[in-house]
Amino acid sequence: MTRISTDILVSGGGVAGLAAAALFGSAGFRVICVDPAPPVTDEAADGADLRTTAFLQPSLKVLREAGLWDRLAPHATELQVMRIVDAGGKTPAPRITRDFNAADVSDLPFGWNLPNWLLRREMVARVAELPNVTFRPGIGTKSVLTRDTEALVTLSDGTRVSARLLVAADGRHSPVREAVGIGARTIRYGQKALAFAVTHPQPHGNVSTEIHRSGGPFTLVPLPDRDGRPCSAIVWMERGPEALRLFAMQEAEFNAEMTARSGAIYGPLTLITRRTLWPIISQIAHRFSAQRTALVAEAAHVVPPIGAQGLNMSLADLRVLLELCRGAPAHIGEAAMLEMYHRRRYPEVAARVTGIDMLNRVSMQGAPAIRDLRAAGIAALYGLPPVRKTLMRAGLGMRLG
Ligand SMILES: Cc1cc2nc3c(=O)[nH]c(=O)nc-3n(C[C@H](O)[C@H](O)[C@H](O)COP(=O)(O)OP(=O)(O)OC[C@H]3O[C@@H](n4cnc5c(N)ncnc54)[C@H](O)[C@@H]3O)c2cc1C
């Protein structure tokens, strides 16, 4: 049986796992990345991930270090303004609109939006450039045994890998997390998100808009024009049965319904991709590390898609882990390093999971009195400039204080 050794084994080649492989590979570590599901890198192909990711400012540094930003920048759409709209009145018309302009806190835009299928395409290409990184799509982690000195991983093709550090980037049901005996706390909302792209007659002006009414936010995030028409990605969160109804609806009827839900802010919306459906939960692992193992991304934490936090938190996990590995390359994966990783990430992630859980619960509310309170809350917070700026910095993942 083949037995190979490596510095780092990344289990999972989703967006987070591929980013980890590119980042640690660019830093010179020997990396193997495995995933039983080969990445889908074409928007039109079955199984393409039609979500987009709004990368916030702190993620830019990580993407640069991973050698990814030069590849991604030509496809990215800048997000300059974050617009919050309350449309919780009798009709879905906007009744309170507040703009959070990045210029108030920074010289840079809030973030940059990119389609997930394209991220996979560029990440796979970047990883292929690195001679010290091996990406093995179609092969998964089958079993894990850890001891003081190494993680021994058996892959689905029978290969045995001895890694100094095992990075679990294998998603919300993480088999590695289970294998190393770490539990997780999960909050279910009975809610799903529809993700798809649309065109519309009016330009988005690089404004990302979150519209609150009931069932969860309806968010439009700018994309580059498509066939000469302004284009946006949409994430539409609703309670489960309503989301399923919308998912199954005839296209013309769906176009009319989503235009109404958008308050027609850009005029009539036209669906231009398939609709994809995503279950919404919050989840946090009880610990982010075990012997020779670090949990990152959705293996460690899952949040509802509000404020573009999910993958941005994942890149922050990778930034901290890389900093620790670089600081003590002879001690990669040792207990003290992994304890430090857990301590630096867990409190920050737990605070964000709690904050986003709260925002989601507020956004889901259907009762008119609570919707009125929500509208008043948005106006009040916005009216206090120091609070507004603090919220903006926190949302961006910047350090406060
Ligand atoms: C609708 C929606 C919109 C979002 N928008 C944003 C946004 O704007 N900004 C943002 O920051 N975040 C956003 N997120 C969150 C972001 O999409 C997720 O954080 C991210 O896609 C999760 O990536 P991941 O790599 O952790 O998990 P996954 O994509 O689930 O990848 C896990 C991988 O592990 C693999 N795997 C499973 N078992 C094994 C095994 N045994 N061995 C090896 N590999 C295995 C799987 O095949 C899979 O490819 C959004 C989420 C949703 C639902």
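In listed order, ligands and their atoms are each counted from 1. If you're wondering where the values come from, they're calculated on a predicted model, not measured in any experiment. Counting begins at 1 with the first residue of the sequence.
One N or O on the side chain of Thr259 and one on the backbone of Asn255 form a donor-acceptor pair closer than 3.5 Å. Side-chain atoms of His200 do not come within 3.5 Å of backbone N or O of Thr270 as any donor-acceptor pair.
Closest to atom 37 (C) of ligand 1 by heavy atom, among Thr276, Asp170, Val302, Val34, is Asp170. Comparing heavy-atom distances from atom 39 (C) of ligand 1 across Gly12, Pro36, Pro304 singles out Pro36 as nearest. Among Gly14, Ala179, Pro175, Pro39, the residue whose heavy atom lies closest to atom 38 (N) of ligand 1 is Pro175. When Ala19, Ser314, Cys33, Ala16 are ranked by how near their heavy atoms come to atom 24 (P) of ligand 1, first place goes to Ala16.
Side-chain contact, Arg126 with Ser26: a donor N or O sits under 3.5 Å from an acceptor N or O. Judged by distance alone, the side chains of Gln191 and Asn360 do bring a donor and an acceptor atom under 3.5 Å apart.
Of the protein's heavy atoms, Arg120 NH2, 3.9 Å lies nearest to atom 29 (O) of ligand 1. In terms of protein heavy atoms, atom 4 (C) of ligand 1 is closest to Pro305 CB, 3.8 Å. Among protein heavy atoms, atom 7 (C) of ligand 1 sits closest to Ala54 N, 3.7 Å. Of all protein heavy atoms, the one closest to atom 12 (N) of ligand 1 is Leu311 N, 3.0 Å. In terms of protein heavy atoms, atom 18 (C) of ligand 1 is closest to Glu298 OE2, 3.5 Å. Protein heavy atom at the shortest distance from atom 30 (O) of ligand 1 is Gly171 CA, 3.9 Å.
By the 4.0 Å N-to-carboxylate-O rule, Arg361 lies close enough to Asp357 to be salt-bridged with it. Under the 4.0 Å criterion applied to side-chain N and carboxylate O atoms, Glu257 and Arg261 are not assigned as salt-bridge partners.
Those atoms of ligand 1 with a heavy atom of Val15 less than 4.0 angstrom away are 25 (O). Counting atoms of ligand 1 from 1 in the listed order, those under 4.0 Å from a heavy atom of Ala37 are 47 (O). Those atoms of ligand 1 that come under 4.0 Å of a heavy atom in Ser11, given as number and element, are 42 (N), 43 (C). For ligand 1, the atoms sitting less than 4.0 Å from at least one non-hydrogen atom of Ala169 are 32 (C), 33 (C), 34 (O), numbered in the order shown with element in parentheses. Within ligand 1, the atoms closer than 4.0 Å to a non-hydrogen atom of Ala297 are 26 (O), numbered from 1 in the order shown. The contact set between ligand 1 and Thr141, taken as ligand atoms under 4.0 Å from a residue heavy atom, comprises 40 (C), 41 (N), 42 (N), 43 (C). Counting atoms of ligand 1 from 1 in the listed order, those under 4.0 Å from a heavy atom of Thr53 are 7 (C), 8 (O), 9 (N), 10 (C), 11 (O).
Less than 4.0 angstrom separates atom 14 (N) of ligand 1 from none of the non-hydrogen atoms of the protein.
Contacts between Ala299 and ligand 1, counted as non-hydrogen atom pairs separated by less than 4.0 Å, are absent for every part of the residue. Contact annotation: for Arg51 versus ligand 1, heavy atoms closer than 4.0 Å belong to the side chain alone. Within the 4.0 Å heavy-atom criterion, the part of Thr52 lying near ligand 1 is the backbone and not the side chain. Contact annotation: for Met313 versus ligand 1, there are no heavy atoms closer than 4.0 Å. Counting heavy atoms closer than 4.0 Å to ligand 1, residue Asp35 contributes atoms from both its backbone and its side chain.
Checking Arg121, Arg226, Arg51, Arg120 one by one against Glu43, the salt bridge (Lys or Arg N to Asp or Glu O under 4.0 Å) holds for a single residue, Arg226.
When the shell of 6.0 Å around CE of Met249 is examined, it contains more than 12 heavy atoms from other residues, nucleotides or ligands. Taking a 6.0 Å sphere around CZ of Arg245, one finds it holds more than 12 heavy atoms contributed by other residues, nucleotides or ligands. The 12-atom threshold is exceeded at CZ of Arg274, counting heavy atoms of other residues, nucleotides or ligands nearer than 6.0 Å.
Judged by the 6.0 Å and 45° rule, Arg275 forms a cation-pi pair with Phe254.
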(message) Determine whether Ser59 and Asn312 satisfy the following criterion, side-chain hydrogen bond (donor to acceptor under 3.5 Å, both in side chains), listing intermediate values before the conclusion.
(response) CA-CA 6 Å; Ser59 291; Asn312 284 283; 2.6 Å; yes
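Between Trp278 and ligand 1, no pair of N/O atoms sits closer than 3.5 Å.
Within the 4.5 Å cutoff, no side-chain heavy atoms of Leu56 are placed close to those of Leu79. Two residues are said to be in side-chain contact when any heavy atoms from C-beta on lie closer than 4.5 Å; Val176 and Leu166 meet this criterion.
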